[in-house]
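When reading the values below, keep in mind they use all heavy atoms of this one structure, side chains included, and skip hydrogens, waters and symmetry mates. Here the structure is a predicted model, which means the values were calculated and not measured.
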Amino acid sequence: MISLDVLQKAPDKPGVYIFKKGKKALYIGKAKSLRDRLLQHYKLAEKDGKERAIINNSTDVEWIITRNTYEALTLEVDLIQLHKPRYNVLHKYGGGYPLLLITNETFPTIKVVRGTDHKGQLFGPFFSTSKARRVKRLIHKVFKLRTCDPMPIRKEPCMDYHLGLCSAPCCGLVDKDSYNLSVKSAIALLSGDVSQVLEELYSRIEVEMQNLSFERCAMLRDQIQALENLSRGQRVSGLEYSNADIIYQMGRLVGLFLIRSGRLVDKQVITLDKEEELEEFLLGFYYTSPLPKNLMVNFEISEEALWWLRQRGTFNLIKEIDRGLEELIRENLGHQLDPELLREEFNKVLNMNLPERIEGFDISHFYGDYTVGSCVVWEMGDMNKRAYRRYRIKTFKGIDDYKALEEVLSRRAKRLKEGEEKMPDLWLIDGGYGQLNVALRVRDKFSLPIKVLALAKEEEILICEDGKEIELKKYPILYRIFGLIRDEAHRFALTYNRKLRLKESMQDVLDKIKGIGEVKKRLIYRNFENLYEFIKADDQSLKKLGINPSLKQEVAKYLND
């Protein structure tokens, strides 16, 4: 174990420090003041498990003084990659992801590589080697880039040529211009920039047709088809940027999303030991991966880290993420939430244990008619749709959200009290102080052992029982959970409201058509959501229900009159 006396001897200057066990580096860090940072490690070891492990397992500490913090950061990254210390997140997640390399040779080929120190064009990264190899095989299959490396000189082509994976430049079976066009096409597929090369491919296929080179025409046709499919995919996606990396932080949860050719092609979600490790993760990732055209983040990057990144490549830093894209990211991250992270957030922000079950409520009406309520259920990370319940308001008519909410909660509370439904830990009410007070009154009336929170829509403010207000956007993990429950309650209530309106409009029409008695009406109500579904039903399905198919023609005729 390293002693406090040793740490106090460190200079009050910028630099890099190395915790060591014998000759092996355990942890490497940088600091504006080496002494202050090392003493901070010692103090944090009292309550942080990782810090305690670093201090307890270290037998020595070394430091290197630098002229400024930028030099310290650069040295830190290089030393971590050299020594690969056990406790550094940069080593854990910055070991190098697979990339695809189009080599810089007379007859280029494609390779799966790691790191950025290669001659040629790099594409990626890929979060699994198997995915990189699948794309490599696709390039060979469609564009016939050579499979041998290095390229030999042969008289007869190898088996890959006969399998359609190579154009055999080693035997002179393809000329340099044709081969280079295939290389350009492969690069277009990997980069998503297909417009220019498509024109060349169309021109070349005309030439090959005139020369009656039918095999070559077939190969060019496949290449054109692959690139046109990619181009269509780009138009459908609707993403603003065709090439971007998105690094999105939700507390200790970090999502890395890759946009290529205008589509979200891959993702990785990791959990940091501490939020402060985020920048170290960022630098580790780009130590071994090429920078994208656009880097999108939802957090601040230090000036030193930005300087380091810009020495490695040119990129556009974007801090404003489109709302639709952000919802997609949060949806992806939501499925990866670690229960331990949730537990931390509930304890830290709300001073309560992580609920096992949360019920969310909302009210919906159509200008005072068809007033309904919804109850949705979240259980330990997922929405339990089997437990959803919906309520049609029975005690009054007109517009009174408070009265409607009181009816819904009272009916729900009665079932909970009688043990007919599983008791939740928390009610989440869509609304403000008025709705919160209604929920508290119902809870206390039935003596339910649950907590109550309200979520105000416009400002995204979470209101607690004691009146405390929490800006949820400052706590993205909680925002993800409570926002999901609120939105799902709203969707479920609105869906029920629309269904009732469609049912009643259907009833009005069926009452006016001859030949449809009460039995037939009940069959139609039970099996079809609306008249459109009934009209579109196939005759065989209607006959099985005992309904004459001619009735749907009568309904269609009535609607068209």
Between Tyr97 and Phe285, is a ring pair (Phe, Tyr, Trp, His ring centres under 6.0 Å) present by the stated rule, with each step listed? CA-CA 8 Å; Tyr97 293 90; Phe285 181 73; 5.3 Å; yes
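- The neighbour count for Arg137 CZ, taken as heavy atoms of other residues, nucleotides or ligands under 6.0 Å away, does not exceed 12.
- With hydrogens and angles ignored, the 3.5 Å screen pairs a side-chain donor or acceptor of Arg260 with a backbone N or O of Gly124.
- The aromatic ring centroids of Phe482 and Phe346 lie less than 6.0 Å from each other.
- Considering every non-hydrogen atom in both Pro98 and Thr129, the closest pair reads CG-OG1, 3.6 Å.
- Of the inter-residue distances, the one linking Leu472 atom CG with Ile477 atom CD1 reads 12.0 Å to the nearest 0.5 angstrom.
- Between atom CH2 of residue Trp378 and atom CD1 of residue Ile358 there is a gap of 5.0 Å, rounded to the nearest 0.5 Å.
- Among residues two or more places apart in sequence or in another chain, the ring-ring contact (aromatic ring centres under 6.0 Å, His included) test is passed with Phe19 by Tyr17, His41.
- At most 12 non-hydrogen atoms from other residues, nucleotides or ligands lie less than 6.0 angstrom from CD of Glu303.
- When every heavy atom of Glu320 is checked against every heavy atom of Met296, the shortest pair comes out as O-CE, 4.5 Å.
- A pairwise comparison of heavy atoms in Val452 and Glu465 identifies N-OE2, 2.8 Å as the closest pair.
- The shortest side-chain heavy-atom distance between Ile55 and Tyr42 falls under the 4.5 Å cut-off.
- Environment of NZ in Lys50: crowded, with over 12 heavy atoms of neighbouring residues, nucleotides or ligands closer than 6.0 Å.
- Under the 4.0 Å criterion applied to side-chain N and carboxylate O atoms, Glu406 and Lys403 are not assigned as salt-bridge partners.
- Using modelled atom types, no side-chain atom of Lys47 and backbone atom of Leu44 make a donor-acceptor pair closer than 3.5 Å.
- A side-chain donor-acceptor contact under 3.5 Å links Glu279 to the backbone of Ser302.
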Verify side chain to side chain contact (heavy atoms under 4.5 Å, CB included) between Ser58 and Tyr27, making sure each step is shown before the conclusion. CA-CA 9 Å; Ser58 297; Tyr27 183 81; over 6 Å; no
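- In this structure, CG on Leu278 lies 11.0 Å from CG on Leu253, to the nearest 0.5 angstrom.
- Residues passing the salt bridge (Lys or Arg N to Asp or Glu O under 4.0 Å) test with Asp362: none are found, sequence neighbours excluded.
- The nearest pair of heavy atoms linking Cys464 to Ile470 is SG-CD1, 3.9 Å.
- In terms of heavy-atom proximity, Gly431 sits nearest to Ala454 at O-CB, 3.6 Å.
- Using a 4.0 Å cut-off between a side-chain N of Lys or Arg and a carboxylate O of Asp or Glu, Glu379 and Arg357 qualify as a salt bridge.
- By the 4.0 Å N-to-carboxylate-O rule, Lys43 lies too far from Glu51 to be salt-bridged with it.
- Around NZ of Lys451, the count of heavy atoms belonging to other residues, nucleotides or ligands within 6.0 Å does not exceed 12.
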Between Asn88 and Glu280, is a side-chain hydrogen bond (donor to acceptor under 3.5 Å, both in side chains) present by the stated rule, with each step listed? CA-CA 8 Å; Asn88 278 94; Glu280 188 180 325; 3.0 Å; yes
Check step by step if side chain to side chain contact (heavy atoms under 4.5 Å, CB included) holds for Phe126 and Val112. CA-CA 10 Å; Phe126 297 84; Val112 177; over 6 Å; no
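- Residue Asn294 holds its CG atom at 8.5 Å from CD1 of Ile259, rounded to the nearest 0.5 Å.
- Partners of Tyr388 under the ring-ring contact (aromatic ring centres under 6.0 Å, His included) rule, at least two apart in sequence or in another chain, are Phe492.
- Around the CD atom of Glu300, the shell of radius 6.0 Å holds no more than 12 heavy atoms that belong to other residues, nucleotides or ligands.
- One finds the CD1 atom of Ile450 at 9.5 Å from the CG atom of Leu440 (value rounded to the nearest 0.5 Å).
- Atom CG of Asn351 has 12 or fewer neighbouring heavy atoms from other residues, nucleotides or ligands inside a 6.0 Å radius.
- Taking each heavy atom of Arg37 and Lys30 in turn, the nearest pair found is CG-O, 4.2 Å.
- Between the side chains of Gln249 and Asn298, not a single donor N or O lies within less than 3.5 Å of an accepting N or O.
- One finds a salt bridge joining Arg412 and Glu359 here, because a Lys/Arg side-chain nitrogen approaches an Asp/Glu carboxylate oxygen to under 4.0 Å.
- Checked by atom type, the side-chain pair Tyr479/Glu471 shows no donor-acceptor distance below 3.5 Å.
- For the pair Arg312 and Tyr287, the cation-pi test (distance below 6.0 Å, angle within 45°) is passed.
- Between the side chains of Asn437 and Tyr402, no donor-acceptor pair of N or O atoms lies under 3.5 Å.
- In this structure, SG on Cys375 lies 11.5 Å from CD on Glu488, to the nearest 0.5 angstrom.
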I would like to know whether Val372 and Ile393 meet side chain to side chain contact (heavy atoms under 4.5 Å, CB included); could you show each step before the answer? CA-CA 6 Å; Val372 298; Ile393 301 305; 5.8 Å; no
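- When atom types are taken as modelled, the side chain of Ser374 and the backbone of Ala489 share a donor-acceptor pair closer than 3.5 angstrom.
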